[in-house]
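One structure below.
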Amino acid sequence: MTQIVMARLYEIMVVLYAIGIVCYFIDFFFKQVKVRRVAFWFVSVVWILQTSFFLLNILVTKRFPILSLSEGIYFYAWLLVTISIILHCIVRVDLPVFLINALGFIFVTIHLFAPNQVRNPLVESLESEMLFIHISFAILSYAAFTLSFVFSLLYLILYNILKKKKFPKMWSRLPSLHQMGQWMTYSIVVGIPIIFISLLLGLEWAYLKLEGLSILDTKIIGSFVIMVIYLIVLVLHRSGKLTGLNFAWAQIYTFLLVVINFFLGSKLSNFHIWY
C-alpha cells in the first residue's frame, strides 16, 4: 500500500513539475506575472515532495543518500529545484529560472530510470506510469498545435473578408485579427514545452525498456524536427520577423508536418505501433 502511495505521489510530482515548466515558458515569452506566480507554486509543491522523499530516504537508509548513482542524481535534481526557487524569490530572473527548472525536470526523470541494484515493484510501476504520461503529453501537444492550425485558418479567412470588405453573416462573430494572432501564439507557446516533456519521457522509457533503440527512429526524428520548427516560428514571430499572414501560413505548413509525422511516422517507426 505504501509503495502505491509513493508511486502516485511521484507521478503527481512529475506532472506538477511539467505544468510548472510550461507556465515558466509562457511567462518567458509574455511576461505574465500571474502565470509566473502559478509556475512558482507548482515548483514549490514539487520541492516539498522532493524534500519529503529525500528525508524519508534518510530515515530508511540511516545515512545521507548520495552514495549511489540514483541517489546522486536525485540530490542534484533537488539542488536545482532549490536554486530555481531562490532565484525566483531573490533575483527574479526569467530565462535562468526556466532553464534550471528544465534541467531539474530532466534529472528528476533520469533518477527514475537510473541504474539501481534493486528493482522493486515501485520502480516498475513508475516506469509504466511514465509511459502513460509520455503519451498523454504527446496528445496534449497535438491538441495545442491543432488549435494553432484552426486559429491560423480563421486568421486567413478573416483577413480575406476584411480585404474584400464583405462580411457574410456566418463569419460575423469571428474575433479580431489581433485576437486571432494572440491565440495562434498562445497555442504554440503551450504546445512546445509539452511536446518537449513528452519526448523526454518517451526517450527515457524507450532507452530503458527497448533493446537496440536507435535515436534515428523516424517518429523520434520527426517529433524533434517539428518541435524545433515550431520554436523557430515562435522566436521569429516574437522578434517581429514573422507576422500576420506569414505567421499563419507557417503554422499551417508546420501542422501538416505534425499530421504526416503522426500517421506516416508511426507506421515507419520501429516501436511506435498503434493497435
Side-chain angles (χ1 to χ4, degrees), residues 18-39 94-95 98 102 136-199 218-267:
I19 296 173
I21 291 173
V22 172
C23 291
Y24 271 126
F25 190 78
I26 295 172
D27 172 67
F28 174 70
F29 279 96
F30 295 105
K31 309 300 179 186
Q32 297 287 334
V33 177
K34 291 182 179 179
V35 175
R36 191 168 191 264
R37 190 176 296 121
V38 169
D94 298 332
L95 185 58
F98 168 71
S136 299
F137 271 69
I139 294 173
L140 286 173
S141 69
Y142 294 150
F145 295 142
T146 302
L147 287 176
S148 73
F149 171 73
V150 171
F151 292 140
S152 298
L153 280 180
L154 292 176
Y155 184 95
L156 295 177
I157 291 171
L158 182 59
Y159 179 86
N160 287 325
I161 289 174
L162 293 175
K163 186 177 180 180
K164 295 178 181 178
K165 296 182 180 180
K166 295 180 180 180
F167 301 93
K169 288 185 178 180
M170 65 177 297
W171 304 112
S172 61
R173 294 188 178 181
L174 282 178
S176 65
L177 284 177
H178 177 70
Q179 287 177 313
M180 288 292 188
Q182 284 185 323
W183 292 345
M184 285 191 294
T185 308
Y186 291 150
S187 297
I188 62 172
V189 166
V190 172
I192 291 170
I194 291 178
I195 196 173
F196 167 75
I197 292 166
S198 172
L199 287 170
T218 306
K219 188 68 177 290
I220 295 176
I221 294 176
S223 298
F224 270 106
V225 168
I226 287 169
M227 182 184 69
V228 171
I229 291 175
Y230 269 117
L231 185 58
I232 292 173
V233 169
L234 178 61
V235 171
L236 290 176
H237 174 65
R238 297 300 294 176
S239 63
K241 297 179 181 179
L242 192 66
T243 58
L245 292 177
N246 292 330
F247 182 48
W249 278 115
Q251 294 203 61
I252 290 173
Y253 290 138
T254 308
F255 182 74
L256 294 179
L257 293 178
V258 173
V259 175
I260 293 172
N261 185 61
F262 183 80
F263 290 104
L264 184 59
S266 297
K267 191 173 183 179

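Heavy atoms only: backbone and side chains are in, while hydrogens, waters and symmetry mates are out. Counting from 1, the numbers follow the sequence of the chain as shown.
Partners of Ser152 under the side chain to side chain donor-acceptor pair (under 3.5 Å) rule, at least two apart in sequence or in another chain, do not exist in this structure. The side chain to side chain donor-acceptor pair (under 3.5 Å) search around Thr185 returns His237, not counting sequence neighbours. Legend: residues meeting ring-ring contact (aromatic ring centres under 6.0 Å, His included) with Tyr253, ordered by chain and number and at least two apart, are Trp249. Under the rule for a side chain to side chain contact (heavy atoms under 4.5 Å, CB included), the partners of Lys34 that lie at least two apart in sequence or sit in another chain are Arg37. In terms of the side chain to side chain contact (heavy atoms under 4.5 Å, CB included) criterion, residue partners of Val228 (sequence neighbours excluded) are, by chain and number, Ile232. In terms of the side chain to side chain contact (heavy atoms under 4.5 Å, CB included) criterion, residue partners of Leu153 (sequence neighbours excluded) are, by chain and number, Phe149, Ile252. Applying the ring-ring contact (aromatic ring centres under 6.0 Å, His included) rule to Phe25 yields the partners Phe29, Phe98; only residues at least two apart in sequence or on another chain are considered. Residues satisfying the side chain to side chain donor-acceptor pair (under 3.5 Å) criterion with Ser141, sequence neighbours excluded, are absent altogether. Under the rule for a side chain to side chain contact (heavy atoms under 4.5 Å, CB included), the partners of Tyr186 that lie at least two apart in sequence or sit in another chain are Phe30, Gln182, Trp183. Shown here are the side chain to side chain donor-acceptor pair (under 3.5 Å) partners of Tyr155, two or more places apart in sequence or in another chain: there are none.
The stretch residues 21-32 participates, sequence neighbours left out, in these salt bridge (Lys or Arg N to Asp or Glu O under 4.0 Å) pairs: Asp27-Arg36, Lys31-Asp94. Applying the salt bridge (Lys or Arg N to Asp or Glu O under 4.0 Å) definition to pairs two or more places apart or across chains, none involves residues 235-256.
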